Novice: 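To start, I am sharing the structure in question, which I have written as structure tokens.
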Amino acid sequence: MSRSHYLALPDSDRTPRRGAVVAGPVSPHETLSVTVYLRRDPAAPATPDPTDYAMVPPTQRAAPDEAALNAANRAAPQDVEAVERFAARHGLTVSSVNELARSVRLTGTTAQMSEAFQVTLARYTYRDRDQRHRSYRGRQGAVHVPAELHGIITAVLGLDNRPLGANLLTRQTARIPLTQLPARAGGGLPPGTFLPTDLAAPYAYPGSLDGTGQTIAVLAFNGQTQPGVPSGGYSPSALQTYFTQLLNAPMPQITDVTVHGPGNDPGQDDGQGDPADSTGEIMLDLQMVGALAPGAKIVVYFTEFTEQGWVDAMNAIATDTANRPGVISCSYGNPEDDPGSAWTRMAITAVDQAFAQAALRNISICCASGDDGSRDQGSDNRAHADFPASSPHVLGVGGTRLVADGGQVVSETVWDDGPGSATGGGVSRWFPVPTWQASAPVPPSANPPHQKGRGVPDVSALADPQTGVVIISVDGQHLVQIGGTSAAAPQWSALLARVNQGLGAPVGFLNPLLYGKLASGVLRDITQGSNGAYPAGPGWDACSGFGSPGGQALLDGLKALGSSKAQIPAPSTPAQSEVPMG
């Protein structure tokens, strides 16, 4: 088929990663896999608006009608067949079909993929922030699809495999040999730091609850390290040591699901290894979640730091009918609009659509909001919101500096230790102000032309590494002092698991109630500090949201809403009401 019979796929344009240059062609015989996402069946019934659904208190909310949701979100069988015919014409293999996600996985050589999607693939090289040499398979311009598939195919992911994402954790340099600590939990820790279990008292986690009966999904990424070098995972034996010897707690139940990449592939987490290795992040998340919701089952979803890895993982979690997670903990992100990292709008839309489906399935999503203040590691000296925390379908989590004594909060301020160590937050460029956030004092963007947009974060929790948490390293021999909003997001994930248990119903998408009927009294307001462009103040702000837990107050508030006899209209509007701006 000639190029004249092809059309550009909307929002698929790519430019080279910042500093990247073409090093040469990609081998035409290299095998790769791409994921093709399809439109909803035009004949399918409309889906509810996640906001309308989430406005109903959890204990009054009808359970998701999975059959109806699946029917409303299906791809048309003839659309799938059209993609399969297209694949056959180009010698591509259909390796899998996820009907619930409306995705088709195709496998073939780079030569076949280049011809099928009318793109030129090349090998690009660049230096990362640590001046390490990196490379990726990339493209420039748009992906193209045959005219008869235009409007049917909504995204093609995997042609370009540039790294996209970062661990949102900040580490202190101190490493404590395990042998130097007393046997009792908490003894000998650096002054002002916490074991994860120490946070339950100041944050008033409901004491009689432990997350029993709940499942928490932990997102885990394998980075692009050198060939043969481990790229991210956890050590069960190190976790066993931490939970049984330091916390006097049971080892959490952990299940692995591999979406992309090698799965559990632990490397180093001592600050001396490859920064693309996400082992330290994964170890942190599992220790935070396992300590604060010890009764919950944890499912670790392994994927890769690419757009394809992001979208496929989120769809895998949202449509996982085997494990059925009620909470997702995401400690990763990127500036949503920075040319140096370059999310395509195509991929942002696909991720957000998966989030919307998760909301309709009563799944809460807690996303770290960034660790570099309002700059968010952008390359242009402008303010940036971090995606996916900027999605209107997730709970964005900011960071604080916490001082406590005897389980009581002494002080809590916005985490801001200067560039590279401060909470993210700000105003989205891509997402408009959601209806549920319309009454909050979201400021205009700090960037000209100072537009309005979705404000981030929604809530906050301890993230400052100077008053951070102490976890065990993957070698099982050292403790490390650590922080970042990647420590704050799993705190909220564990809390919501406890709240779900206490309610006897999933909280699901919390934001509409948080900004509405729960707007006051259930969180500790953080009024001092800033993250650079955005200061704290009374009520909601763009560096700490509504504040930190309040766990028991949040549970009590949701219970009180559930006892109300107020009737809320059934949702009816299509879910497309909150999508990225054009």
Side-chain angles (χ1 to χ4, degrees), residues 169-203 205 207 209-212 216 218 220 233-254 264 266-271 279-298 300 329 331 402-408 461-484 486-495 497-498 551:
L169 89 172
T170 304
R171 186 190 309 276
Q172 294 290 87
T173 57
R175 284 168 54 81
I176 310 160
L178 200 60
T179 55
Q180 292 184 6
L181 289 185
R184 63 182 182 85
L189 297 182
T193 61
F194 301 86
L195 291 173
T197 47
D198 295 335
L199 297 172
Y203 282 157
Y205 278 48
L209 306 172
D210 63 0
T212 295
I216 301 173
V218 173
Y234 66 92
S235 164
S237 62
L239 294 178
Q240 180 79 30
T241 297
Y242 187 74
F243 282 98
T244 59
Q245 294 187 24
L246 269 81
L247 302 187
N248 298 321
M251 173 75 173
Q253 179 185 356
I254 302 175
N264 188 20
Q268 300 180 29
D269 66 349
D270 60 1
T279 296
E281 180 62 72
I282 297 167
M283 290 289 290
L284 169 64
D285 290 348
L286 294 179
Q287 290 171 76
M288 296 299 296
V289 169
L292 289 169
K297 174 185 175 182
I298 300 173
V300 185
S329 187
S331 294
L402 176 66
V403 178
D405 184 28
Q408 300 296 312
L462 169 66
D464 191 335
Q466 295 185 25
T467 62
V469 292
V470 175
I471 63 169
I472 200 166
S473 63
V474 73
D475 65 10
Q477 302 298 315
H478 297 85
L479 297 179
V480 292
Q481 182 177 336
I482 204 163
S486 59
Q491 290 172 54
W492 268 92
S493 300
L495 172 60
R498 288 200 192 195

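Just so it is clear, the model here is predicted, and its values are computed rather than measured. Atoms considered below: every heavy atom in the structure, side chains included; atoms not considered: hydrogens, waters and symmetry mates.
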Novice: Apply side chain to side chain contact (heavy atoms under 4.5 Å, CB included) to Tyr205 and Gln491, showing your working.
Specialist: CA-CA 10 Å; Tyr205 278 48; Gln491 290 172 54; 3.6 Å; yes
Novice: Please give me the minimum heavy-atom distance between Tyr234 and Ile254, naming the atom from each residue.
Specialist: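 Scanning both residues completely, I find the closest heavy atoms to be OH-CG2, 3.4 Å.
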Novice: Could you report the tightest heavy-atom contact between Pro196 and Ala291, atom names first, then the distance?
Specialist: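 Heavy-atom minimum between the residues: CB-CB, 3.6 Å.
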Novice: Could you walk me through whether Leu199 and Leu462 pass side chain to side chain contact (heavy atoms under 4.5 Å, CB included), step by step?
Specialist: CA-CA 9 Å; Leu199 297 172; Leu462 169 66; 3.7 Å; yes
Novice: Keeping to residues at least two apart or across chains, list the salt bridge (charged side-chain N to carboxylate O under 4.0 Å, His left out) pairs with something in residues 288-298.
Specialist: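 Residue pairs with at least one partner in residues 288-298: there are none.
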Novice: Going by side-chain contact (heavy atoms from CB on, under 4.5 Å), name the residues that satisfy it together with Gln477, two or more places apart in sequence or in a different chain.
Specialist: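 If we apply the side-chain contact (heavy atoms from CB on, under 4.5 Å) test to Gln477, skipping adjacent residues, the hits are Asp475.
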Novice: Are Gln481 and Thr193 linked by a side-chain donor-acceptor pair shorter than 3.5 Å?
Specialist: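 Absent: no donor and acceptor within the cut-off.
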Novice: In Å and rounded to the nearest 0.5 Å, what is the CD1 to CG distance from Ile482 to Leu284?
Specialist: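 It comes to 5.0 Å.
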Novice: State which residues pass side-chain contact (heavy atoms from CB on, under 4.5 Å) with Ser237; sequence neighbours excluded, sorted by chain then number.
Specialist: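 Expected list: Ser235.
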Novice: Just checking, any donor-acceptor pair under 3.5 angstrom between side chains of Ser329 and Ser493?
Specialist: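 Judged by distance alone, the side chains do pair up.
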Novice: Treating Gln287 as the side-chain partner and Met283 as the backbone partner, does any N or O pair qualify as donor plus acceptor under 3.5 Å?
Specialist: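 Yes, the answer is positive, given that a donor and an acceptor are paired below the 3.5 Å cut-off.
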Novice: Would you check if the side chain of Ser486 reaches a backbone N or O of Ser331 as a donor-acceptor pair within less than 3.5 Å?
Specialist: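 Between the backbone of Ser331 and the side chain of Ser486 there is no qualifying donor-acceptor contact (under 3.5 Å).
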Novice: Could you check Tyr203 against Asp198 for side chain to side chain contact (heavy atoms under 4.5 Å, CB included), going step by step and ending with a plain yes or no?
Specialist: CA-CA 9 Å; Tyr203 282 157; Asp198 295 335; over 6 Å; no
Novice: Between the main-chain N or O of Gly207 and the side-chain N or O of Arg498, is there a donor-acceptor pair closer than 3.5 Å?
Specialist: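 Absent.
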Novice: Calculate, to the nearest 0.5 Å, the distance between atoms CZ and CG belonging to Phe243 and Leu286 respectively.
Specialist: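 Taking CZ in Phe243 and CG in Leu286, the distance rounds to 7.5 Å.
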Novice: What is the distance from atom CE of Met251 to atom OG1 of Thr241, rounded to the nearest 0.5 Å?
Specialist: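 If I round to the nearest 0.5 Å, the distance is 9.5 Å.
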Novice: Does the side chain of Val469 come within less than 4.5 Å of Leu195's, by heavy atoms?
Specialist: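 Sidechains of Val469 and Leu195: no contact.
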Novice: Side chains of Val480 and Val470: does their closest heavy-atom pair fall under 4.5 Å?
Specialist: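 No, side chains not in contact.
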Novice: Quick one: CG on Leu247 to OG1 on Thr197, what's the gap to the nearest 0.5 Å?
Specialist: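 The distance works out to 5.0 Å.
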Novice: Could you check Leu402 against Asp464 for side chain to side chain contact (heavy atoms under 4.5 Å, CB included), going step by step and ending with a plain yes or no?
Specialist: CA-CA 8 Å; Leu402 176 66; Asp464 191 335; over 6 Å; no
Novice: Check whether any side-chain N or O of Gln408 sits under 3.5 Å from a backbone N or O of Ala404 as a donor-acceptor pair, and report yes or no.
Specialist: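 No, Gln408 side chain to Ala404 backbone: no donor-acceptor pair under 3.5 Å.
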Novice: Can you check whether Asn264 reaches Ile282 side chain to side chain, under 4.5 Å on heavy atoms?
Specialist: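 Side chain of Asn264 against side chain of Ile282, heavy atoms only: no contact under 4.5 Å found.
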